[in-house]
Every structure is written in structure tokens, then in C-alpha cells.
K.L.:
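Quick one: the structure is below, and I'll ask about it shortly.
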Amino acid sequence: MATMYTPQDPIHQYPQPPFPAQQQSAPGDVHKMDPEPDHGEKSYVGNGRLAGRKAIVTGADSGIGRAVAIAYAREGADVALSYLPEEQAQAEEVAALVEEAGQKALLFPADLQEETANQELVRRTVEEFGGVDILAIIAGVMPTVDSIDDFETETLDHVLKANIYPLFWLTKAASPHLQPGASIITTSSIQGFQPSPSLAEYAVSKAGIANWTRAMAQQLAERGIRVNGVAPGPVWTPLQPAFVPNEKIEQFGSEAAYGRPGQPVELAPPFVLLASQEASYISGETIAVTGGTPVH
Ligand code: NAD
Ligand code: MG
């Protein structure tokens, strides 16, 4: 049987557009997507690359965060799962997969737009796992606004509070616990480098995340803590039908050089690499995972 290590043509490895028209409301549900995304539930094979590590993963119920949580557990890490309260059922599925891999799972439903929720997430993780040494900050929102005439201050406040502030809040709260060898991984986007016209608020947050990653990597280098990011191209997750108008979903991913979107499981390996000691000399970098489209 083919595994994630079996050589094959990546273009045809996963579904290609056109996709059925579909729309959800935020934050969205992986089981309402057609076709259902692959988060590695059946395909991710671990190798103990994160044995004994203690990770926090935000946005862990669905999409990229779900794939990363599954991969981290199969690589030997305990995983604290952060998500919104309305995503409880999806998060419980991920917790079950983490435990099936023989690791501890911590369920943490909360809105990370509040600083205290970020502090509490770190406190509970340290209490349950006895420490924390991987922060995978993946949660995000992506409102689309077609015209500056429709710009609203609340939208920008929401995007920055959800996408940027937790980088500072989680890292500050975790700082006293982070030992040399710890790793922080952020989630930028191709939009942070090549913005679409209707994603100005989102794109500025994603450019900010890549820049924060460069700054914090230098700040934390003397403590032996690495800080890196991943910049995905189009990925088949609920973020898309939850935030993007219906007609654009049918051709989603066709703009990538591969002509298809990535599946969440295809994002997990760079998050594993950056978390692992294998990446000892990599810090301050944001790795593009875009199906062949250059971003830098
Ligand atoms: P997703 O909807 O599955 O995951 C986003 C998660 O963010 C949600 O599941 C939710 O749990 C969390 N979240 C949102 N607001 C929150 C809040 N206020 N408090 C706590 N949690 C909150 O979609 P995804 O595509 O897997 O998104 C993960 C990350 O990847 C996001 O940062 C997104 O910007 C980024 N990204 C996605 C794509 C793509 O095409 N899907 C492309 C580039 C970057
Ligand atoms: Mg979700």
C-alpha cells in the first residue's frame, strides 16, 4: 500500500479543481467539506522525531492545525489543542487520534483574542504535561473585503487580534518555560508576500507574522530558542468555504503551479521539521509550501 513516503506524481496525488460549489459560516467544519480534506488521519506515518516533546497547537480542530496535531502526536509529542468553543466536536476527534498515538491530549476551547486565554492555555499545558517546548501558532481568520469603501475598523481589529496578538501573548506566557531547543512556529501565507486585492486586512497580518518571526528569532537566539514560520499557498480547509464567496471555491487552487490546492497533511512535514532538533541551524525563516508558486 502506498504511504506518504511512496514516490509519485505530486500533481495527481490529491483532488484537483473543479470542486462542488459550497459555502459555510465561520469557523467551519471539516466534515461539511466536499471532498473531505486529508489531515493525515490514515496517511501520516510518524518516526519518533518529537519523542518526549510537549506542544501547543492553535487552530488544532481543523485544517492545517488538525494535520499538525496528528503529526506531532505520531512523532511522539503530547499536544495541547486550542480551538474555538463551537469546534468542540472536531477537537475531540483530534484528541482521540492523539491518544491513539499513545500521547496526552489537552482540550482547550477559548477565543484567543483575549490575552488571558493565551496565558491560561500555557498554564494548563505546563500543569498537565510538566512543561512546554513547541508552540505551533496556526489559528487565523480571513475576512474578504472587496473595496476600501467597505473597510471597517472592526474587521481590522478582529484580524489583528486573532492573527497577530496571540504571537506576542503566547510567546510571553511561555517564555519562562522555554528551554534551549524549544521551537516556535508561526503561520504566514503566500498572501503575506503576494496579496490578493480583496485580502488587504488578512495580507497585512500575514506579512506581519513573517516579520515577527524574523524579529523574534533574533531576540530568542541567545536563549537557544528557534522561531520559524510556514507560508502556505491555497490549502483545502474550512477557512476557504467559511470566508471566501462561493463562486471562487469551484476553481480553488487552480492558480498554484500544481493547478490544485494543498491538502492539510502536506503542510504537516515542515511543521514537524521546524519543531524538531533536525532544524537546529534553521531560525528566522518562513518556508513556502505553495505547490510550486514562488513567494519570496
Ligand atoms: P481552519 O479554519 O481549519 O483553521 C483556522 C482555525 O483558527 C480554526 O479552526 C479556529 O480554531 C482557529 N481560530 C480562528 N479564530 C480564533 C480565535 N479567535 N481564537 C482561537 N482560535 C481561533 O483553516 P486553515 O486553513 O487550516 O488555517 C490555519 C492557518 O493557515 C491560518 O492562520 C490561515 O491563515 C493559514 N493559511 C491558510 C491557507 C489556506 O488556503 N487554507 C493559506 C495560507 C495560510
Ligand atoms: Mg476549525
Side-chain angles (χ1 to χ4, degrees), residues 24-33 36-39 56-69 81-91 93-94 107-118 120-121 136-144 157-167 169-170 185-196 199 201-203 205-210 229-244 248-249 252-253 255-256 260-268 270-271 286-291 293 295:
Q24 298 192 34
S25 53
D29 185 331
V30 295
H31 300 302
K32 292 189 182 142
M33 293 192 74
E36 272 209 35
D38 183 352
H39 310 92
I56 289 174
V57 178
T58 73
D61 62 292
S62 61
I64 297 166
R66 182 180 178 111
V68 169
L81 310 168
S82 157
Y83 52 94
L84 290 165
E86 55 267 49
E87 300 175 311
Q88 184 68 26
Q90 293 173 87
E93 295 167 353
V94 180
L107 288 162
F108 191 83
D111 185 342
L112 295 180
Q113 293 178 95
E114 292 296 329
E115 182 170 11
T116 50
N118 293 262
E120 186 62 7
L121 171 57
I137 307 173
I138 302 175
V141 295
M142 189 183 68
T144 61
D157 282 344
H158 173 49
V159 170
L160 298 184
K161 274 277 153 68
N163 293 6
I164 295 274
Y165 279 67
L167 303 181
W169 288 333
L170 282 173
I185 304 137
T186 64
T187 310
S188 179
S189 168
I190 192 169
Q191 291 292 331
F193 302 87
Q194 295 165 8
S196 299
L199 284 172
E201 292 83 351
Y202 178 76
S205 80
K206 292 294 167 178
I209 291 170
V230 175
V235 186
W236 190 245
T237 75
L239 190 79
Q240 298 300 335
F243 286 100
V244 178
K248 294 193 181 159
I249 291 296
F252 183 67
E255 75 279 16
R260 67 160 176 91
Q263 289 293 319
V265 67
E266 297 183 280
L267 275 293
F271 278 91
T286 291
I287 299 180
V289 185
T290 58
T293 309
V295 306

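Note that the structure is predicted; figures quoted are calculated from it, not measured. All heavy atoms count here, side chains included; hydrogens, waters and symmetry mates do not. Numbering of ligands and ligand atoms starts at 1, following listing order.
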K.L.:
Hey, does Thr293 have a side-chain heavy atom less than 4.5 Å from the side chain of Glu255?
P.N.:
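No, every pair of side-chain atoms sits at 4.5 Å or beyond.
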K.L.:
Looking at Glu87 and Arg66, is any side-chain nitrogen of the basic one under 4.0 Å from a carboxylate oxygen of the acidic one?
P.N.:
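No, Arg66 and Glu87 are not salt-bridged.
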K.L.:
Any side-chain donor paired with an acceptor under 3.5 Å for His39 and Glu93?
P.N.:
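Distance-only check fails for His39 and Glu93.
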K.L.:
List the closest protein heavy-atom neighbour of atom 2 (O) of ligand 1: residue, atom name, distance to the nearest 0.1 Å.
P.N.:
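Its nearest protein heavy-atom neighbour is Leu239 N, 3.5 Å.
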K.L.:
Below 4.0 angstrom from a heavy atom of Gly63, which ligand 1 atoms are there? Numbered from 1 as shown, please.
P.N.:
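It comes down to these atoms of ligand 1: 3 (O), 26 (O).
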K.L.:
Answer yes or no: does atom CD of Glu114 have more than 12 heavy-atom neighbours from other residues, nucleotides or ligands under 6.0 Å?
P.N.:
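No, CD of Glu114 has 12 or fewer neighbouring heavy atoms, counting only those of other groups under 6.0 Å.
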K.L.:
Rounded to the nearest 0.5 Å, what separation is found between the CE atom of Met33 and the CD1 atom of Ile249?
P.N.:
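Separation between the atoms: 6.5 Å.
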K.L.:
Check each of Pro37, Pro27, Pro238 against Ser62 using the side chain to side chain contact (heavy atoms under 4.5 Å, CB included) test, and report the only one that passes.
P.N.:
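Only one of Pro37, Pro27, Pro238 forms a side chain to side chain contact (heavy atoms under 4.5 Å, CB included) with Ser62, namely Pro238.
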K.L.:
If you measure from each non-hydrogen atom of Pro232 to ligand 1, which part falls under 4.0 Å: side chain, backbone, both or neither?
P.N.:
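Within the 4.0 Å criterion, Pro232 contacts ligand 1 through backbone and side-chain atoms alike.
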K.L.:
So for Gln113, does at least one of its heavy atoms come nearer than 4.0 angstrom to any atom of ligand 1?
P.N.:
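Yes, Gln113 has heavy atoms under 4.0 Å from ligand 1.
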K.L.:
So which protein heavy atom does atom 6 (C) of ligand 1 come closest to, and at what separation?
P.N.:
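Looking at atom 6 (C) of ligand 1, the protein heavy atom closest to it is Gly59 CA, 3.7 Å.
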K.L.:
Is there side-chain contact between Leu112 and Trp169, with at least one heavy-atom pair below 4.5 Å?
P.N.:
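Answer no - side chains too far apart.
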K.L.:
Check contact between Pro238 and ligand 1, using heavy atoms of the residue and a distance below 4.0 angstrom.
P.N.:
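Yes, Pro238 has a heavy atom closer than 4.0 Å to ligand 1.
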K.L.:
Do any of the N/O/S atoms of Asp61, backbone or side chain, fall under 2.8 Å from the Mg ion (ligand 2)?
P.N.:
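Short answer: yes, at least one N, O or S atom is under the cut-off.
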K.L.:
Is the shortest side-chain heavy-atom distance between Ile185 and Ile137 below 4.5 Å?
P.N.:
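The answer is no; the side chains never approach within 4.5 Å.
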K.L.:
Using 2.8 Å as the threshold, say whether any N, O or S atom from Tyr83 sits that close to the Mg ion (ligand 2).
P.N.:
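Given the 2.8 Å cut-off, Tyr83 does not count as a ligand of the Mg ion (ligand 2).
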K.L.:
Roughly how far, to the nearest 0.5 Å, is the CD1 atom of Ile138 from the CZ atom of Phe271?
P.N.:
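CD1 of Ile138 is found 4.0 Å from CZ of Phe271.
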K.L.:
Using a 4.0 Å cut-off to any heavy atom of Asp111, which atoms of ligand 1 qualify?
P.N.:
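What qualifies from ligand 1 is 17 (C), 18 (N), 19 (N).
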K.L.:
Is there a side-chain contact between Asn163 and Tyr202 (heavy atoms, below 4.5 Å)?
P.N.:
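Sidechains of Tyr202 and Asn163: in contact.
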K.L.:
Report the name of the N/O/S atom of Glu87 located nearest to the Mg ion (ligand 2).
P.N.:
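Output for this pair reads OE2.
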K.L.:
How far is atom 36 (N) of ligand 1 from its nearest protein heavy atom, and which residue and atom name does that atom have?
P.N.:
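Ranked first by proximity to atom 36 (N) of ligand 1 is Tyr202 OH, 3.5 Å.
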K.L.:
For atom 8 (C) of ligand 1, what's the nearest protein heavy atom and its distance?
P.N.:
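So the nearest neighbour among protein heavy atoms is Glu87 OE2, 3.4 Å.
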K.L.:
Would you call Ser188 a ligand 1 contact, heavy-atom distance under 4.0 Å?
P.N.:
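Yes, Ser188 has heavy atoms under 4.0 Å from ligand 1.
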K.L.:
Can you sort out which atoms of ligand 1 are near Pro234, meaning under 4.0 Å from one of its heavy atoms?
P.N.:
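Heavy-atom distances to Pro234 below 4.0 Å select 40 (O).
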K.L.:
Mind checking whether Ile64 has an N or O less than 3.5 Å away from an N or O of ligand 1?
P.N.:
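Yes, since at least one N or O of Ile64 sits under 3.5 Å from an N or O of ligand 1.
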K.L.:
Determine whether any heavy atom of Lys206 lies closer than 4.0 Å to an atom of ligand 1.
P.N.:
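The answer is yes, since Lys206 has a heavy atom less than 4.0 Å from ligand 1.
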K.L.:
I'd like to check Ser205 versus Leu160 (side-chain heavy atoms, cut-off strictly below 4.5 Å). Are they in contact?
P.N.:
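Side-chain contact under 4.5 Å: yes.
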K.L.:
To check your reading of the model: name the closest protein heavy atom to atom 3 (O) of ligand 1, its residue, and the distance in Å.
P.N.:
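Result: Ser62 OG, 2.5 Å.
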K.L.:
Between Ala60 and ligand 1, find which residue part has any heavy-atom pair under 4.0 Å and reply side chain, backbone, both or neither.
P.N.:
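It is neither part, as no heavy atom is under 4.0 Å.
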K.L.:
Just which atoms of ligand 1 are under 4.0 Å from any heavy atom in Ala110?
P.N.:
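Counting atoms of ligand 1 from 1, those under 4.0 Å from Ala110 are 19 (N), 20 (C).
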K.L.:
Out of Thr186, Thr237, Ile138, who is nearest to atom 31 (C) of ligand 1 when you count heavy atoms only?
P.N.:
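Comparing heavy atoms across Thr186, Thr237, Ile138, the nearest one to atom 31 (C) of ligand 1 lies in Ile138.
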K.L.:
Are Ser82 and ligand 1 in contact, using a heavy-atom cut-off of under 4.0 Å?
P.N.:
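It does not, in that no heavy atom of Ser82 comes within the 4.0 Å cut-off of ligand 1.
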K.L.:
Please compare Pro241, Ser189, Ala139 and report which has the shortest non-hydrogen distance to atom 21 (N) of ligand 1.
P.N.:
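Looking at heavy atoms only, the winner is Ala139.
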K.L.:
When rounded to the nearest 0.5 angstrom, what is the spacing between CD in Gln240 and CZ in Phe252?
P.N.:
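Those atoms lie 3.5 Å apart.
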K.L.:
Is there side-chain contact between Val230 and Ile64, with at least one heavy-atom pair below 4.5 Å?
P.N.:
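No; the side chains remain at least 4.5 Å from each other.
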K.L.:
Is there a polar contact between ligand 1 and Ile190, counting only N or O atoms under 3.5 Å apart?
P.N.:
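No, since none of the N or O atoms of Ile190 sits under 3.5 Å from an N or O of ligand 1.
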K.L.:
Among protein heavy atoms, which lies nearest atom 9 (O) of ligand 1, and at what distance?
P.N.:
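Answer, as residue, atom name and distance: Asp61 OD1, 2.7 Å.
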K.L.:
Measure the spacing between CG of Leu267 and CD1 of Ile287 and express it to the nearest 0.5 Å.
P.N.:
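Here the rounded value is 11.0 Å.
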K.L.:
Tell me the contacting part of Gln240 for ligand 1: side chain, backbone, both, or neither, using a 4.0 Å heavy-atom threshold, strictly below.
P.N.:
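The answer is the side chain.
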K.L.:
Say whether Val141 and ligand 1 are in contact under the criterion: heavy-atom distance to a ligand atom below 4.0 Å.
P.N.:
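Under 4.0 Å: yes for Val141.
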K.L.:
Nearest 0.5 angstrom please: Leu170 CG to Thr186 OG1, how far?
P.N.:
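So the CG of Leu170 and the OG1 of Thr186 are separated by 12.0 Å.
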K.L.:
Any heavy atom of Gly233 sitting closer than 4.0 Å to ligand 1?
P.N.:
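For ligand 1, residue contact (heavy atoms, under 4.0 Å) with Gly233 is present.
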K.L.:
Can you tell me the protein heavy atom closest to atom 5 (C) of ligand 1 and the distance?
P.N.:
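Minimum-distance protein heavy atom for atom 5 (C) of ligand 1 reads Gly140 O, 3.8 Å.
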K.L.:
Report yes or no: does Trp236 have a heavy atom closer than 4.0 Å to ligand 1?
P.N.:
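No.
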K.L.:
First locate atom CG of Leu84, then atom CD of Gln90, and finally report the distance between them rounded to the nearest 0.5 Å.
P.N.:
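Going from CG on Leu84 over to CD on Gln90, the span is 10.5 Å.
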K.L.:
What residue and atom, counting heavy atoms only, is the protein's closest point to atom 19 (N) of ligand 1, and at what distance?
P.N.:
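Answer, as residue, atom name and distance: Leu112 N, 2.9 Å.
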